[in-house]
Amino acid sequence: MNAKVGWLLAALMVAGSFVTDTADAGHYGRWQRRGTYHYTHYYYTPVRYHVVVCYPSRPRYFYYYNPYRRTYWGRFDTEGAPGQQYSILAPEDRRENLADIPESAFPPPGPMPVIPESDGDERIELPPAFPA
């Protein structure tokens, strides 16, 4: 095999790995425990994610946390009506600490939000059930 063909095959293998990695976007990890809460990651690109947090003191809700902006930005209501389960906080109501967000700041739930940093209208999939 000549050097040009070798470089071409290597380039195709690298390009193919990007396509495979992209398929890993738009999914949740597994639930894990840390101290007094449980969490999972929602990967919206192969390397970027938000954290979904469940507190035993508030088991009805899964709170979405943006680790890049260091703020909670919404919550999923596990008891809500299908298609009407996500409350997106107004930008001025987003805080680093959940305790600093009053209950009144959460609007009535609606559909799941659009995938972060996306140009389309594809929505975040429903979070995985919390393991009992």
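Here the structure is a predicted model, which means the values were calculated and not measured.
- The side-chain hydrogen bond (donor to acceptor under 3.5 Å, both in side chains) pairs that include a residue from residues 80-96 are R70-E96, where partners are two or more places apart or lie in different chains.
- The salt bridge (Lys or Arg N to Asp or Glu O under 4.0 Å) check on D77 picks up R60, with sequence neighbours excluded.
- Contact between Y49 and V51 at its shortest, heavy atoms only, is CE1-CG2, 3.8 Å.
- P67 and Y65 make their closest contact through CD-O, 3.2 Å (heavy atoms, listed as atom of the first residue, atom of the second, distance).
- A distance of 11.0 Å separates CD1 in I88 from OH in Y64, rounded to the nearest 0.5 Å.
- At least one side-chain heavy atom of M112 sits less than 4.5 Å from a side-chain heavy atom of P127.
- A side-chain hydrogen bond (donor to acceptor under 3.5 Å, both in side chains) check over residues 107-126, counting only residues at least two apart or in different chains, returns the pairs Y44-E117, R48-E117.
- Proximity of P116 to I124: side-chain heavy atoms (C-beta onward) are separated by under 4.5 Å at one or more points.
- Linking Ile, Leu, Val, Met, Phe, Trp and Tyr residues whenever their side-chain heavy atoms come within less than 4.5 Å leaves V114 and F76 in two separate clusters.
- Checked by atom type and distance alone, the side chain of T71 never pairs as donor or acceptor with a backbone atom of W73 at under 3.5 Å.
- Listed by chain and residue number, Y72 satisfy the side-chain hydrogen bond (donor to acceptor under 3.5 Å, both in side chains) test with Y55 (two or more places apart in sequence, or in another chain).
- In plain terms, the two heavy atoms of P56 and P59 that are nearest each other are O-CD, 3.2 Å.
- Panel note: side chain N97, backbone D100; no donor-acceptor pair is recorded below 3.5 Å.
- In this structure, the side chain of T40 does not engage the main chain of Y28 through any donor-acceptor pair within 3.5 Å.
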- May I have the step-by-step check of side chain to side chain contact (heavy atoms under 4.5 Å, CB included) for L89 and F106, ending in yes or no? CA-CA 6 Å; L89 289 166; F106 289 97; 3.7 Å; yes
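- Under a 3.5 Å cut-off, the side chain of W31 and the backbone N or O of A129 do form a donor-acceptor pair.
- For Y63, the side-chain hydrogen bond (donor to acceptor under 3.5 Å, both in side chains) partners are R58, not counting sequence neighbours.
- The distance between the ring centers of H50 and Y42 does not fall below 6.0 angstrom.
- Both Y43 and Y68 sit in one connected hydrophobic cluster of ILVMFWY residues. Membership requires side-chain heavy atoms under 4.5 Å apart, directly or through other members.
- By the side-chain hydrogen bond (donor to acceptor under 3.5 Å, both in side chains) test, Y39 is found to be paired with Q32, residues two or more places apart in sequence or in another chain being considered.
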